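Here the structure is laid out as structure tokens; the discussion comes afterwards.
Counting starts at 1 for both ligands and their atoms, in listed order. No hydrogens, no waters, no symmetry mates; every other heavy atom, side chains included, goes into these values. Owing to the predicted nature of the structure, the values given are computational and were not obtained by experimental measurement.
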Amino acid sequence: MGALVVAVQPVVLAQDGSVNHDPLEARVDALLDSLTLEQKVAQMIQGEIRHMTPEDVRRYGIGSVLNGGGAFPNNDQHASVKDWLDLADAYHQASVDTSLGGAGIPIIWGTDAVHGHNNVIGATLFPHNIGLGAARDPQLAANIAAATAREVKATGIDWIFAPTVAVAKDYRWGRTYESYGADPALVAAYAGPVVQAMQEVGVLATAKHFIGDGGTWGGEDQGDTRVDLPTLLTEHGTGYWAAIDADVGTVMASFNSWNGVKVHGDKRLLTDVLKQDMGFDGFVVSDWNGHGQIPGCSNQQCAQAINAGVDMIMVPKAWLPLLRNTIKQVQSGEIPESRIDDAVRRILRVKLRMGLMTRGLPSERASGLSGAIGSDSHRALARDAVRRSMVLLKNEARVLPLDPGGRYLVAGVAADDIGRQSGGWTITWQGTGTDREDFPGATSILDGIRAAVSVAGGEVITEQVWQEQGFGQKQPRLDAVIMVFGEAPYAEGQGDIDSLAWQQRDRRDLKVLAKYRELGVPVVSVFVTGRPRWVNAEINASDAFVVAWLPGSEGAGIADLLIQDREQPRYDFAGRLPFAWPDHDVNPADVNAPVEAAAFPVGYGLSLEEDAAITALSETAMGKPKATEWVLFAGSVHEPWRMLAVGPDGKPAPVGPAGAHAIDHNLSVSAFDYRLQEDARRIVWPGTGHHALQIGSETPADLSKWLVRGGVLEIELRLMKRPTESVQVAMFDAGANQGADASGVLDATDAFMALEERWQRLAIPLACFDEWGTDIERVTTPLHIATAGDMVLDIARAAVREKASPAATVWCPQ
Ligand code: BGC
Ligand code: BGC
């Protein structure tokens, strides 16, 4: 594999017309000199494929496009490799066409291939970074980066927004799984080889998110990192030094603030530190509308970000106004033209280094790689990575490995769910809303276990079969129960949590573990997770406990370790904790600080031979002070709840992260940005019969302790269109028939008529529902809003709370 990235001599910038002896730099300068202001600014723009067509690129000479998480050619989730290539060719051809005034500079297309080429159906999905960190093997990460880059190149795409070199400090952060680990040196050891491997395939890499993304206060996504500069650099900066040493072409600015100032607008960090002190000579790309978050800016205009050192602006939708406004700001002197020249020089330098100017059509470049997507060798590499990433926390009496000839009950929500085992950034942005058809060629954890035992005459019994057979006399002898459970997928801020506790309120998995323990056979837990969680009780209730992280498409790698010949195991557990495993749910001294007490330290991980005795871990939660609410919806629907759109026939349609329609297609729910991306929902009632939006679960919840404390159901909402008919708000229990005349239904017409077109909070006492007939001990639908009329309502949050928040309007019908 030849290096396509041309290593250049130390940069000699041609300032003030001085002669430049570096041939590449001389070409950059010559090209820059030939561009008009409009053409230069257009190079700095990166639009999104859903909002920027090849025609736009031709007309405005745009420098870059991206596809965000869950964006596909023609909006088709099942787009073929050819569809991706056709679109890449179309953008490329449009960019080199000078007939409408474009400069003819080839466009670069960037994508979030963060654990394989994860937006493409059939691509190999590798373990997320946290699992690679557990494998403690930079070369493995580099091999994965190269394989990912080949799959990306096979679709005609030039640029990957990875590696994430964040050092996550507080696992409540929803992006913890994107971090290789807690040790800045480990992150640095991965960053260099990963960047180099991608760029050797001819695909540009990005070190992100500069800087301090993993250090925010309270672990809040896009929050504030409060440390001094030396600490910022030593704790969060090591990956950048390593990436720059490996000639990384781009660095992405971070959404977070540093001591209260948005990094996107911080000249000291982006220019003085990154470009000058660290010597980064590639270009800085901003993050998804990150410029618009700077005070005084909007998505349409932001001189501050460019003046601070952003070279290319990721502006998915508002790219045309931003392009026009930026040109005006240069003309008015608000942005010095020298800053534009520097930005464009950096972009052109990277494009030239990649050989982009001469390498032709994306489909031609991809021609030798047609079999790369989901190839056998890539899948074998992924399966190896899965094996090497798993961490064995407990193996009482050495129950593992399990004999391939045995009979096993395989239980738990994560056993046969490829979406769940792959986590966020999988086909969709949040990784939710996928099904089996989205993963051709992949294996679930259950598939792997089944295959491993079937060759040796063993047997797998699924939970469903077990339940159907009941616990009667005829029940076959079991050798062990394998319980596979863990987090549902999430990405970015939608994955932020307040406490590391696992299912603190309704301990579903613990109950299941307890039930299976009664069978008197060993219980082996496999925990699928994007981060360490406080699972002391679940560990205590298991004979063996394995952390599988987010393994991706090759679930069979799990069985490779679990199910083996005891005398001659082929593989051993090699994964070691990249983060300390918490002994508490929250930090007892300060709920805003990361948990410090560790049940297992960084680097912990048993091998099969080891017989470490684990005394019972403490099951006492520290988090009481924070448990003042039970969130149903905040950006995403929190487990175990689901959001449903119900039509006049009463049949519910599940609402995914991007929204949905009722089955009759009339009620629509769509996601939009409020505080974070896609964290709010707009619900449009059509006025064609009784429609409802509801949040529910199959398992009834007991809200009585909230009722005794005087609790409320609180909704943060905004009324965009007044109801034209009466509105009902209901809380249903397991016995309710859910009709308009059911118990627990409140006539909320007056309350809704009084709402305004601004965000506000409406709190309904649980006592109110109790009075209207809801059985508060068995609630299956804590929120149901219905009308037969027209109405448009935005919802940002819904929670059961101990008390209404101070700003809420407390309401109960007379
Ligand atoms: C994320 C980035 C990602 C970008 C493009 C942002 O919201 O923070 O990591 O590269 O979106 O999808
Ligand atoms: C988009 C995704 C994108 C993400 C970036 C979302 O609003 O739908 O495509 O990757 O933002 O954060």
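- Remark: ligand 1 and Trp288 share no N or O pair separated by less than 3.5 Å (distance only, no angle test).
- With ligand atoms numbered from 1 in the order given, ligand 1 contributes 1 (C), 2 (C), 3 (C), 4 (C), 6 (C), 7 (O), 8 (O), 11 (O) to contacts under 4.0 Å with heavy atoms of Asp287.
- Residue-ligand proximity: His209 is placed with a non-hydrogen atom under 4.0 Å from ligand 1.
- Interface of Phe161 with ligand 1, defined as ligand atoms under 4.0 Å from a residue heavy atom, comprises 10 (O).
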Candidate pair Glu48 and Lys317, rule salt bridge (Lys or Arg N to Asp or Glu O under 4.0 Å), full reasoning: CA-CA 7 Å; Glu48 214 264 357; Lys317 198 170 178 178; over 6 Å; no
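- In this structure, Tyr490 has its ring center closer than 6.0 angstrom to the ring center of Tyr177.
- Atoms of ligand 1 lying under 4.0 Å from at least one heavy atom of Gln677, given by number and element, are 7 (O).
- Salt bridge status for Arg797 with Asp679: absent, with no side-chain N to carboxylate O gap under 4.0 Å.
- Taking a 4.0 Å cut-off on heavy atoms, Trp429 fails to register as neighbouring ligand 1.
- Each of the following atoms of ligand 1 lies closer than 4.0 Å to a heavy atom of Leu66: 5 (C).
- Residues Glu178 and His128 bring no donor and acceptor atom of their side chains to less than 3.5 Å of each other.
- For Arg531 and Glu487, the salt-bridge test passes: some basic side-chain N is under 4.0 Å from an acidic carboxylate O.
- Heavy-atom contacts of Met252 reach the following atoms of ligand 1: 2 (C), 10 (O) (cutoff under 4.0 Å).
- Applying the 4.0 Å criterion to heavy atoms of Phe255 picks out, from ligand 1, the atoms 6 (C), 7 (O), 8 (O).
- Atoms of ligand 1 found under 4.0 Å from any heavy atom of Arg175, numbered from 1 in the order shown, are 1 (C), 2 (C), 8 (O), 9 (O).
- A salt bridge is defined here as a Lys NZ or Arg NE, NH1 or NH2 lying under 4.0 Å from an Asp or Glu carboxylate O, and Arg349 with Asp342 fails to meet this definition.
- With hydrogens and angles left out, the side-chain atoms of Asp89 and Ser363 include a donor and acceptor closer than 3.5 Å.
- Here is the list of ligand 1 atoms found below 4.0 Å of a heavy atom in Lys208: 2 (C), 3 (C), 9 (O), 10 (O).
- Between the side chains of Thr111 and Asn67, a donor-acceptor pair is found at a separation under 3.5 Å.
- Put simply, no part of Thr164 is less than 4.0 Å from ligand 1, judged by heavy atoms.
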